[in-house]
Amino acid sequence: MKFVRGHAEARWLPSRHNFALFRLYAYLRLRNAKRETRDVILGIDRHQSNAEAWIVAVWTTITGACCIAGTLFASWPVAIALTVAVPLSMLGIQTALVTSGVTAAPLWNALTRLRTPGVKVNSIVTMSAIAALCAYSATRPTWVRFAGLQFFTLLALNALAAVVVCLLRGPISQLETSVGGVPSGQ
Amino acid sequence: MSWFRRFLVHGVFWRQLLRFGVLNAPLWTEPIVMAIWSTLFLLWGAGRRGVMSNLTAILPGSTPLANLFRAWRVLWNFAWTIADNVRYKETRVTPDWDFVGIEHFEQLESHHGGAIILTAHMGSYDLGAHLFAEISKRQIVMVRAPETDPETRQFEEELHERTAADTLQVDFNTRASELALDLLGAVQRGELVAIQGDRVTPGISTLPATLFGKPTLLPAGPFALAMAARVPIYPLFIIRMGRRRYRLVVGKPFEVVRARDRAEAFQRAVDEWTRELESVIRKMWFQWFNFEPFSQELGR
């Protein structure tokens, strides 16, 4: 069990974040954070960040909803189309997740024998499904192309952040260790 | 038709599905999955009605429509809590914790000799016991109601055997008299015994109490044990504060003082406990996972 006890500023440990953009932001916050001695126990896991989980969940749901509204319900008034598309987007993500969980993840592990965690395989598969939807939307001549384009813009920004995080991995590990955390990647 | 049992409310299928979800859902899909499943849980009529009738007593004057939405909030918290519990057991990922009543918590950590941790079906009591066992390195015996479905019971026991900390032992309150002796032995050896004191299961001895102005029955076991072993009772609640965030609330310890009139001594202790329980549930009604009416008056 990995945790930090007594350091509230450890909530900004990059190793508590998953996507590179959030890791980079967490690093910048932690670098400028003051020591906060409080009675807390903070778990260390790359999926621990509350804000990250919510932001990405809302972003993917709304992106999916825009793509559905702008393609399947293109002839409907936008407000009605979006209202119907939000629950459909949520159900779509859930369906993709279950389908990937029972097919892609076991198949990947059977073929590669890498024992990759299901969470990782399903994250890639589900995100790829959204990317495919966005790629199609980006080719449409209507407003929905912006929904597709913003997805790829953020994806590109995240890739850029990943390069920066990789270059900074030494200072990041040092800073994480100094607040009692576990260096990223461990 | 026995294959069908696994799909009933207490069937093993739902535990297996939960485990599958925990091991397969990426972080950014968690809120979406939880929202869908909390809504589906509302279809569980008996549980929904139980929560709604309890809410009428906890929040007097509340309307059925508002309580329907509140019931959804209870189920939303329940879904996150059971997922966090399985995640901890399967992957040893602990949520974040903060404390209220840290002085009592530290007193409990450093307390020499046995004690009783009296808790309720709030947040993740299971997770709390695991955490406490890990950080305090003290031996804890956790008493819990057994699963009614045999397959589910087997699934839970296997999961526990595979994942429990060495310092945590779980006992099921099926064999009342035998268990009472085991627990007495445990507290006399200086171990901590964690018991839920807000709900009774059939076949166990009870004490009358009043909760939110309604007559109810609470388990007599923790109070009798505290009196027999002369150990303090620590009220302790685990409150879910958000995604992977919990608060551990520890109340002031109290004792069940031996007196000539046993009934009066028990009554004083039960009153102390219900006061604590009411104050926590009133503020955190959306965390009380009691899916049956707590008083017969509410069940009518």
Side-chain angles (χ1 to χ4, degrees), chain A residues 1-6 8 10-11 16-19 22 38-61 64 86-87 89-102 104-106 117-127 130, chain B residues 16-17 19-40 80 83-84 87-106 109 127-128 130-136 163 165 240-250:
Chain A
M1 188 166 76
K2 295 175 191 166
F3 63 85
V4 178
R5 192 173 178 179
R11 65 184 176 279
R16 283 166 50 91
H17 296 76
N18 186 47
F19 291 103
F22 289 92
R38 257 194 282 150
D39 297 313
V40 290
I41 292 176
L42 301 175
I44 299 178
D45 178 59
R46 63 185 302 142
H47 295 167
Q48 198 79 358
S49 168
N50 201 4
E52 182 181 359
W54 279 99
I55 290 170
V56 182
V58 170
W59 171 62
T60 48
T61 304
V86 167
S89 171
M90 289 170 74
L91 284 173
I93 290 170
Q94 163 99 14
T95 309
L97 181 64
V98 174
T99 311
S100 168
V102 294
V119 168
K120 199 169 185 175
V121 178
N122 298 327
S123 183
I124 293 168
V125 171
T126 317
M127 206 51 110
I130 297 173
Chain B
Q16 291 166 333
L17 188 64
R19 183 174 177 272
F20 171 83
V22 165
L23 295 178
N24 285 284
L27 90 160
W28 53 274
T29 62
E30 281 177 11
I32 301 166
V33 173
M34 292 300 175
I36 291 172
W37 282 96
S38 309
T39 310
L40 286 177
W80 281 101
D84 283 341
R87 181 178 299 106
Y88 177 77
K89 287 180 178 173
E90 291 286 349
T91 63
R92 277 290 182 268
V93 169
T94 178
D96 297 342
W97 294 86
D98 64 29
F99 302 86
V100 169
I102 187 75
E103 65 280 14
H104 303 310
F105 181 75
E106 284 168 352
E109 260 186 311
L127 193 56
H130 275 88
L131 176 90
F132 190 81
E134 291 263 8
I135 62 173
S136 74
T163 58
R240 182 180 172 269
M241 302 303 290
R243 181 183 168 275
R244 296 198 189 183
R245 277 175 54 222
Y246 287 85
R247 174 166 293 161
L248 207 136
V249 180
V250 189

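A quick note: this is a predicted structure, and the numbers were derived from the prediction, not measured. Per chain, numbering begins at 1; letters A, B, ... match sequence-line order.
Taking Asn18(A) as the reference, Arg46(A), His47(A), Glu52(A), Leu27(B) meet the side chain to side chain contact (heavy atoms under 4.5 Å, CB included) condition, with sequence neighbours excluded. For the side chain to side chain contact (heavy atoms under 4.5 Å, CB included) test, residues two or more places apart in sequence or in another chain that qualify with Leu17(B) are Phe13(B), Trp14(B), Trp37(B).
Using a 4.5 Å cut-off between heavy atoms, Ile93(A) contacts chain B through its side chain alone, with no backbone atom that close. Using a 4.5 Å cut-off between heavy atoms, Arg38(A) does not touch chain B at all. Both the backbone and the side chain of Leu91(A) come within contact range of chain B, judged by heavy atoms closer than 4.5 Å. In this structure, the portions of Val102(A) lying under 4.5 Å from any heavy atom of chain B include both its backbone and its side chain. With a 4.5 Å cut-off on non-hydrogen atoms, Arg5(A) touches chain B through its side chain but not through its backbone. For Arg245(B), the part sitting under 4.5 Å from any heavy atom of chain A is the side chain, from C-beta outward, and nothing else.
Per-residue counts of heavy-atom pairs under 4.5 Å with chain B were compared for Val40(A), Asn50(A), Ile55(A), Val56(A); the largest is that of Asn50(A). With chain A as the partner, the residue from Asp98(B), Thr29(B), Leu248(B), Ile102(B) showing the most heavy-atom pairs under 4.5 Å is Ile102(B). Counting heavy-atom pairs closer than 4.5 Å to chain A, the top residue among Val33(B), Thr91(B), Val22(B) is Val33(B).
Between atom OG of residue Ser49(A) and atom CZ of residue Arg244(B) there is a gap of 10.0 Å, rounded to the nearest 0.5 Å.
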> After noting the C-alpha distance and the side-chain angles of Arg87(B) and Asp45(A), does the key distance pass the side-chain contact (heavy atoms from CB on, under 4.5 Å) rule?
Replying inline: CA-CA 11 Å; Arg87(B) 181 178 299 106; Asp45(A) 178 59; 5.5 Å; no

>> One pair to check against side-chain hydrogen bond (donor to acceptor under 3.5 Å, both in side chains): Trp28(B) and Thr126(A). What are the steps and the verdict?
In response: CA-CA 10 Å; Trp28(B) 53 274; Thr126(A) 317; over 6 Å; no

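Shortest non-hydrogen contact noted between Ala53(A) and Pro31(B) is O-CG, 4.2 Å. For the pair Phe3(A) and Thr94(B), the tightest heavy-atom approach, listed with the atom from each and the gap, is CB-CG2, 4.1 Å. The two atoms that bring Val98(A) and Phe20(B) nearest to each other are O-CZ, 4.1 Å, heavy atoms only. Shown here for Met90(A) and Ile36(B), the closest heavy-atom pair between the two residues is O-CD1, 3.7 Å.
Thr60(A) has its side chain within reach of Ile32(B): a pair of non-hydrogen atoms, C-beta onward, lies under 4.5 Å apart. With a 4.5 Å cut-off on side-chain heavy atoms, Gln48(A) and Asp96(B) count as touching.
Remark: side-chain polar atoms of Asn24(B) are not paired, donor with acceptor, to backbone N or O of Val119(A) under 3.5 angstrom. Arg92(B) places no side-chain N or O within 3.5 Å of a backbone atom of Lys2(A) that could act as its donor or acceptor partner.
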